[in-house]
Amino acid sequence: MKNAIPFHPNDEKRLDALQSYAIIDSPGDKDFDDLATMASILCQMPVAFISFIDSKREWFKFHKGFHVSEIPLSQSPGIRTLFEINDITIIPDLKADKSFKDIPIFTSQPYLSYYVGVPLVNKEGYLLGTLGLLGDENTKLSEEQKGALKILSNSVMDKLELRRQTISQQDIKIAAIEQETGNTISFSAQTIIEQSPIPVIIFRGEDLIIEAVNQPMLTMLGKKDDILNKPLLQAMPELSGQHAYDLLWQVYSTGEPFNGSETPVTLIRNGVIETHYYNFSYTPLVEDGKVAGVIDIAVEVTEQVKVNQIISQLNEDLLNANRHLTASYDDLDKARVMQDRLIFQLSQSELKTRLLISDAPVGICVLTGRDMIVETVNDMMLGLWGKTRIITGLPIKAVLPELEGNSFFQQLDEVYTTGEPYFGTDVQIFLEHNGALIEGYYSFVYQPIRDHLGHTESIMIVASDVTDQVIARKQIEQAEAKLRLAVDAGELGTWYINLENQEFIPSQKLKLLFGYYADEEMPFDMSGNYIPEAYRGKVLELIDNAVKNDETFYAEYPIIGVHDQKLRWVRAVGKSYEATAGKPAHFSGSIIEITGRREDEQRKNDFLGMVSHELKTPLTSMFGYLQMLGMKARKNGDDQAIKILERAEKQAVKMTSMINSFLDVSRMESGRLSVHKERFDMADLVKEAEDETLSTIATHKVVFAPVETTIVYADQDKIGQVITNLISNAVKYSDPGTTINVACIKMDGMVQVSVRDEGLGISPEDQKKLFDRYFRVESKQIDQIVGFGIGLYLCAEIVHLHNGKIWVESEPHAGSTFYFSLPLET
Ligand code: ADP
């Protein structure tokens with residue numbers, strides 16, 4: 001053995017040398033098998049192998065006693081034993097040797113613990129492999145055996161050298177022929193496939209007998225070299241009917257090559273049926289111009305196909321995903337547009353909400369979370385709270401500490417928990433404004449705002465200050481209470497008549513006034529039977545007028561009690577009201593008993609009547625004496641005495657007139673004023689008044705319009721008294737020098753007398769009370785004018801006794817026109 005070059009598996013020169021033998025992955029070789037088998041027999045060691053080591057693995061050219069065809073370098077016994085030594089390596093107990101104890105090839109056969117390896121070194125000194133043997137623990141090699149092993153290893157190397165030589169000669173030959181013919185020619189099948197680093201198999205003859213197959217092909221097919229020299233379908237019956245087989249036969253029979261790509265082939269590989277994919281080339285093997293067989297060079301691409309399938313599946317998925325994505329993008333795009341729009345709308349609506357909140361005439365705030373953080377609050381609410389915007393972001397409890405202890409925070413908490421809104425109406429709240437607690441009344445709602453899951457997220461408070469309304473209402477309530485007190489204290493009877501359904505609600509006092517019992521039902525009686533006949537018509541007329549014309553009803557009249565038949569004087573004040581929202585049209589008012597006052601007045605009237613009556617007699621005597629003195633003075637020609645007596649006589653006339661008026665009032669009140677109706681011509685009466693006026697009034701210009709004959713049936717004296725009274729008032733209440741117009745016309749079946757002056761005029765308010773007894777307008781001017789306020793009262797009473805009407809049209813400072821009308825005599 002030559003001196004070996006120190007071994008290194010990656011030594012390029014060593015690898016080149018190894019390559020030159022083309023031994024690695026070469027098919028089985030009987031010569032090598034024989035040599036190794038011989039060594040095994042010689043040394044009586046059951047396991048034998050011939051291995052070659054390249055940069056990655058120890059490949060077994062021959063192995064006997066174990067099944068692997070190669071092992072990685074890390075598990076290589078060859079390396080462990082050979083790279084530092086040049087001679088035979090013997091390891092008597094592998095299990096005791098650290099270097100070998102974990103190598104599976106040995107540990108899998110624990111009874112074989114004796115190892116012997118002979119290095120295979122070429123003539124250049126490169127270590128190529130090992131001739132190795134394994135034996136049991138009883139093995140002990142003799143020197144002869146060791147020698148025999150060396151011879152055998154040299155034989156292996158010789159065989160290798162021979163092989164190298166053959167290869168190089170063939171190369172030269174092929175090159176020469178190729179150069180000469182340019183054609184592919186067939187060589188020894190064995191040689192070709194041995195050179196091929198890729199799987200090759202050669203079929204020959206019609207039966208497609210496997211003439212040659214290299215190890216890569218066997219490995220790929222999962223077959224052993226026992227398939228050699230067998231017809232294809234016998235070696236691999238599973239190929240029958242498969243496309244790959246048909247194609248192979250097609251190439252053999254046609255001579256046309258065929259290249260297959262990613263073709264599936266189902267094989268029984270190592271006992272398992274599997275489908276694999278191959279790229280292959282079927283090349284016809286032409287010998288002597290004939291197709292002798294087919295050379296099949298194939299590469300398994302199963303992984304690739306699977307990867308491709310996965311990739312294409314992935315691609316499909318991806319495509320689908322893309323489609324979805326595209327669709328999704330479309331949707332997304334649409335969604336985005338929608339979202340943009342929504343956001344815009346939202347921002348608009350938010351803006352609106354904010355505007356609404358900020359402009360709202362009520363206080364609005366939004367409290368967020370259980371801590372009730374003031375998130376949004378409008379100016380109105382800040383105003384109610386007496387706070388500035390600085391409180392935004394604070395919990396409500398911190399904003400309104402003055403409410404601590406009240407139920408407000410508890411109610412807010414409940415709204416947050418239950419999600420139910422809470423309403424407060426006219427709630428009295430004391431809020432701090434500039435350090436002072438101010439009382440106010442508020443109506444509010446705590447409205448929960450929910451998130452998309454329905455949980456209360458925040459609470460919106462909408463509150464309005466109703467302090468003014470509450471105070472006003474309280475004032476009304478107080479006023480009503482006072483009124484009730486006044487009604488009770490003043491012993492006012494009240495009534496209410498629903499004009500739509502005639503429902504009548506009298507108060508207890510009213511019932512008593514009308515002579516009913518307090519707990520008794522009082523019927524509504526429009527007939528007025530309880531009013532003495534003398535007053536009935538007038539009262540009913542006033543009521544009717546008030547109801548129809550929405551006017552105030554005011555009347556003093558006697559009523560006779562239903563049960564007790566007692567006469568009571570009452571003063572009634574009522575008003576009719578049009579229907580309004582929630583209230584029907586109704587006529588309501590109050591009645592107070594004035595019997596006592598009427599009795600006082602009666603006494604006063606009686607006294608007045610008595611005094612007037614008593615005064616009348618001496619006055620009449622005085623008149624007589626004055627007239628006698630006047631006659632005597634005229635007889636004596638005493639002009640001065642005549643003038644004085646005339647003035648005295650005028651004053652006496654005035655006094656008589658006054659006394660007569662008082663007497664009339666007295667008579668009127670006691671119902672004793674009687675009228676003596678007769679037929680007469682109003683033109684005559686007005687003429688009498690004109691004559692009297694012209695003789696007595698020099699201060700004013702009194703103009704009498706011509707009067708046509710108008711016959712009436714009336715008390716001539718009393719109607720004359722009315723005309724005189726109206727002219728007298730016109731003179732009294734207008735400036736001297738102004739004109740007074742008197743007219744008497746027929747109109748609508750009535751005779752109408754009017755007296756117009758250019759005087760003080762009368763306000764509408766005073767006009768309403770003008771015909772009341774003792775009424776006088778209150779003014780400085782009028783205070784200076786003598787009067788008792790009974791003239792117009794008497795006029796009105798006289799006109800009413802004639803079923804006539806009396807009224808005034810006047811404006812302050814624009815004069816007045818008094819009218820009265822009487823029915824014509826028909
Ligand atoms: P008297 O004139 O005695 O006061 P009357 O009953 O005649 O009483 O009049 C009542 C009141 O009506 C008067 O006090 C006066 O204020 C007002 N009055 C009457 N006639 C006129 C008139 N022609 N112009 C203005 N006021 C008048």
Would you compute the distance between atom [atom1] of [X] and atom [atom2] of [Y] and round it to the nearest 0.5 angstrom?
X: Ile50; Y: Lys61; atom1: CD1; atom2: NZ; answer: 9.0 Å
X: Cys43; Y: Lys146; atom1: SG; atom2: NZ; answer: 10.5 Å
X: Leu18; Y: Ser55; atom1: CG; atom2: OG; answer: 9.5 Å
X: Ile24; Y: Lys56; atom1: CD1; atom2: NZ; answer: 11.5 Å
X: Ile396; Y: Asp371; atom1: CD1; atom2: CG; answer: 12.0 Å

List the steps, then state whether side chain to side chain contact (heavy atoms under 4.5 Å, CB included) holds for Leu228 with Val213.
CA-CA 7 Å; Leu228 259 177; Val213 57; 4.2 Å; yes
Which heavy atom in [X] sits nearest to a heavy atom in [Y], and how many Å separate them?
X: Tyr252; Y: Val291; answer: O-CG1, 3.3 Å
X: Val251; Y: Tyr282; answer: CG2-CB, 3.6 Å
X: Ser153; Y: Leu131; answer: N-CD2, 3.9 Å
X: Ala36; Y: Ala48; answer: O-CB, 3.8 Å
X: Leu141; Y: Met45; answer: CD2-SD, 4.2 Å
X: Met217; Y: Asp296; answer: CE-O, 3.6 Å

Criterion side chain to side chain contact (heavy atoms under 4.5 Å, CB included) on Asn122 and Leu160, from CA distance to verdict
CA-CA 9 Å; Asn122 75 355; Leu160 272 176; over 6 Å; no
Assess the pair Phe62 and Phe32: is the distance between their ring centroids shorter than 6.0 Å?
no
With no hydrogens and no angle check, just 3.5 Å: does a side-chain donor-acceptor pair link Glu161 and Tyr21?
yes
Is there a donor-acceptor contact under 3.5 Å linking the side chains of Thr456 and Arg370?
no
Do the side chain of Thr254 and the main chain of Glu256 share a donor and acceptor less than 3.5 angstrom apart?
yes
Short side-chain to backbone donor-acceptor contact, Arg269 and Thr219, under 3.5 Å:
no
Side chain to side chain donor-acceptor pair (under 3.5 Å): pairs with one or both residues in residues 221-248, sequence neighbours excluded:
Lys223-Glu238
Mind checking whether His63 and Phe60 have parallel, tilted or perpendicular rings, split at 30° and 60°?
perpendicular
Do NZ/NE/NH1/NH2 and the carboxylate oxygens of Asp25 and Arg57 come within less than 4.0 Å?
yes
Starting from the C-alpha separation in whole Å, work towards a yes-or-no answer on side chain to side chain contact (heavy atoms under 4.5 Å, CB included) for Phe203 and Ile210.
CA-CA 5 Å; Phe203 307 99; Ile210 299 167; 3.9 Å; yes
Glu206 atom CD: more than 12 heavy-atom contacts under 6.0 Å
no
Evaluate Ser40 against Lys64 for side chain to side chain contact (heavy atoms under 4.5 Å, CB included), listing each step before the verdict.
CA-CA 9 Å; Ser40 167; Lys64 179 175 168 287; 3.2 Å; yes
Among Val415, Leu412, Ile373, exactly one meets side-chain contact (heavy atoms from CB on, under 4.5 Å) together with Leu367. Which residue is that?
Leu412
